[in-house]
A.B. asks: 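If you scroll down you'll find the structure; I have some questions about it.
All heavy atoms count here, side chains included; hydrogens, waters and symmetry mates do not.
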Amino acid sequence: MQLSEQELIRREKLQKLKDAGIDPYPAAEYKVTHTAQEIKDQFKEGEKVVIAGRLMSNRIQGKAGFSELQDTSGRIQLYFNRDVICPDDDKFKYNDFYKKLLDLGDFIGVEGELFVTKMGEKTVMVNDFKLLSKVLRPLPLPKVDEEGKVHDAFNDPELRYRMRYVDLVVNPHIKDIFIKRTRLFNAMRSFFNDKGYFEVETPILQSIPGGAAARPFITHHNALNIPLYLRIANELYLKRLIVAGFEGVYEFSKNFRNEGMDRTHNPEFTAMEIYVAYKDYNWMMKFTEQLLEHCALAVNGTTRVTFGEHEIDFKAPYARISMTDAIKKFTGFDITGKSEEELRNAAKEMGVEVDETMGKGKIIDEIFGEKCEGNFIQPTFITDYPKEMSPLTKQHRDNPELTERFELMVCGKEIANSYSELNDPIDQRERFEEQLKLSEKGDDEAMFIDQDFLRALEFGMPPTAGLGIGMDRLIMFLTNNPSIQEVLFFPQMKPEQKASSIEHSEEEKIIIKLLQDNNSSMELNELKSLAGLSGKKWDKAMKSLSKHSLITVTVTNENKTVELIS
């Protein structure tokens, strides 16, 4: 492992601390009495306090120094005075420990008393301090000049998401997003609990990935010697519990879909699903309005939020429009009664990409997604979906071609999905069999047939309304973040490209540079000629590069080609 100059210096300080008998990683509890924010909110001059956190800035001037300590609540100024900390002749703790062996980022504990500086700053006069954890890598702290401009900010998205533990330290405002995320979950949970609904847990590893149309992740259970799937939805298990006699159940579930990644999709995401017996989708629309109004107030103190250039109002009631009317409004095309071929031709005429593996439901979904979704900015219920789009939904009571389903759209994105749940086991079996036909046509997102779920339905499920909400997407709207990666502590990332730790010889560097300048590939004889190395140096350099898997040599038509791998 190659270390930077700063990392080497910190390790030298670590050793000096040990040599001085100071444990850089003590195990004992450090009892604090206040947080930084509590000190500011409840400030009493002369009060004794004990606090702990990271050392985030230092301004040392001879016998005194000002520092800042950051804890979970924010920052507070510290004042170190040599004669206060070291009243006797031994000045080691100030002159060496504080001034020379502490680094920015180190965790320290501080005992002191409160006072106000001449500049009016609430400050802790340090009577004593203790090192709680030595930091071996320097934090990428931003710098602020005299004009207040920030330089060297830690704002590269890839680095921030990959090292969220650093992001949250040096960009403390990011923490507000996750505080609001927790508030959202707590608000939703209390809303359900107050109505008497029961929080449950269902399996993540499933023998059949049911409850949604999506491509699953596949794994293997060694003990049972069977394939298993990471769940794509928890719907079918929650409905089994309605069969079992629970009248209202909900779950915050981690779901996994082996699909594309973009600013609004992550392969691992959090959903909330709730099922309430003896209700329908009309009841659930009103329930959803009340729920989201309650959550917006709990998270932000207002129903109005800014998202990009739009101001969104989550105050009930919300607009409603059927999917058929929405498509007709924005395309002029009426999907009612149209065959699969008519829908496919219409989609192509609209410039919507479709293929032969798509059934009617998928084609309609593509048309709506391409031509309609983006027009719905304020919360809007899209209702009464075509039957082919909703294999788990009860047939519409007034139109057998439709289902009793709604999706809630905000700023052109779906954040909630709801059905009057299909509880006719014969109808459900027929819908599953239609999905099987789509799978055979090549649709790898079509649903599996869950025989056990069908058996459960045959034991009887009461009329039920279900609702699913994408929690990650909802918190995006409530915190004005257009990227899902911003609201996940640890979003999925490509493998980190590690820099080579191999020290290359000058001859190896010449060969690597020539390959880099020629799109990482050259004919071997040309490369050897341009390198201008003696036979011995050429052979040694090529052998070393091959040994470390940095180049490959391939033979085609009696010509040898060298390719740079990394």
A.B. asks: Go through the structure and list residues passing ring-ring contact (aromatic ring centres under 6.0 Å, His included) with His294, not counting sequence neighbours.
C.D. replies: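 For His294 the ring-ring contact (aromatic ring centres under 6.0 Å, His included) partners, ignoring immediate neighbours, are Phe191.
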A.B. asks: Ignoring hydrogens, what is the shortest heavy-atom contact between Ile382 and Met409? Give both atom names and the distance.
C.D. replies: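 Heavy atoms only, the tightest pair is CG1-CG, 3.4 Å.
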A.B. asks: In terms of relative ring orientation, are Phe217 and Phe256 parallel, tilted or perpendicular, with 30° and 60° separating the classes?
C.D. replies: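 It falls in the perpendicular class, over 60°.
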A.B. asks: From Gln290 CD over to Lys195 NZ, what is the distance, rounded to the nearest 0.5 angstrom?
C.D. replies: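 It is 6.0 Å, given to the nearest 0.5 Å.
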A.B. asks: Do Glu273 and Lys239 meet the salt-bridge criterion of a basic N to acidic O distance under 4.0 Å?
C.D. replies: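 A salt bridge is absent here (no side-chain N lies under 4.0 Å from a carboxylate O).
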A.B. asks: Suppose we screen for ring-ring contact (aromatic ring centres under 6.0 Å, His included). Which residues come up paired with Tyr98, at least two apart in sequence or across chains?
C.D. replies: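 If we apply the ring-ring contact (aromatic ring centres under 6.0 Å, His included) test to Tyr98, skipping adjacent residues, the hits are Phe80, Tyr94.
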A.B. asks: So that I can tick it off, tell me whether Glu7 and Arg137 are bridged by a salt bridge, with the cut-off set at under 4.0 angstrom between side-chain N and carboxylate O.
C.D. replies: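 Between Glu7 and Arg137 there is a salt bridge, with a charged N closer than 4.0 Å to a carboxylate O.
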A.B. asks: Donor-acceptor pair, Asn300 side chain versus Thr302 backbone, under 3.5 Å?
C.D. replies: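 Side chain of Asn300 to backbone of Thr302, a donor-acceptor pair under 3.5 Å: no, none is there.
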A.B. asks: Does the plane of the ring in Phe129 sit parallel, tilted or perpendicular to the ring in Phe97? Use 30° and 60° as the thresholds.
C.D. replies: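 The rings of Phe129 and Phe97 sit tilted, inter-plane angle from 30° to 60°.
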A.B. asks: Where the side chain of Asp472 meets the backbone of Thr270, is there a donor-acceptor pair that is under 3.5 Å apart?
C.D. replies: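 Side chain of Asp472 to backbone of Thr270: a pair is present.
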A.B. asks: Within this structure, what is the CG-CG distance for the pair Leu205 and Leu228, rounded to the nearest 0.5 Å?
C.D. replies: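 One gets 5.5 Å once the value is rounded to the nearest 0.5 Å.
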A.B. asks: Think Arg181 forms a cation-pi with Phe178, using NZ or CZ under 6.0 Å from the six-ring centre and within 45 degrees of its axis?
C.D. replies: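 No.
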A.B. asks: Would you check, one step at a time, whether the test side chain to side chain donor-acceptor pair (under 3.5 Å) holds for Ser420 with Glu404?
C.D. replies: CA-CA 5 Å; Ser420 292; Glu404 296 196 349; 2.9 Å; yes
A.B. asks: Quick check against the 3.5 Å criterion: does Arg231 have a side-chain atom that pairs as donor or acceptor with the backbone of Thr202?
C.D. replies: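 Indeed, once roles are kept as given, a pair shorter than 3.5 Å links the two residues.
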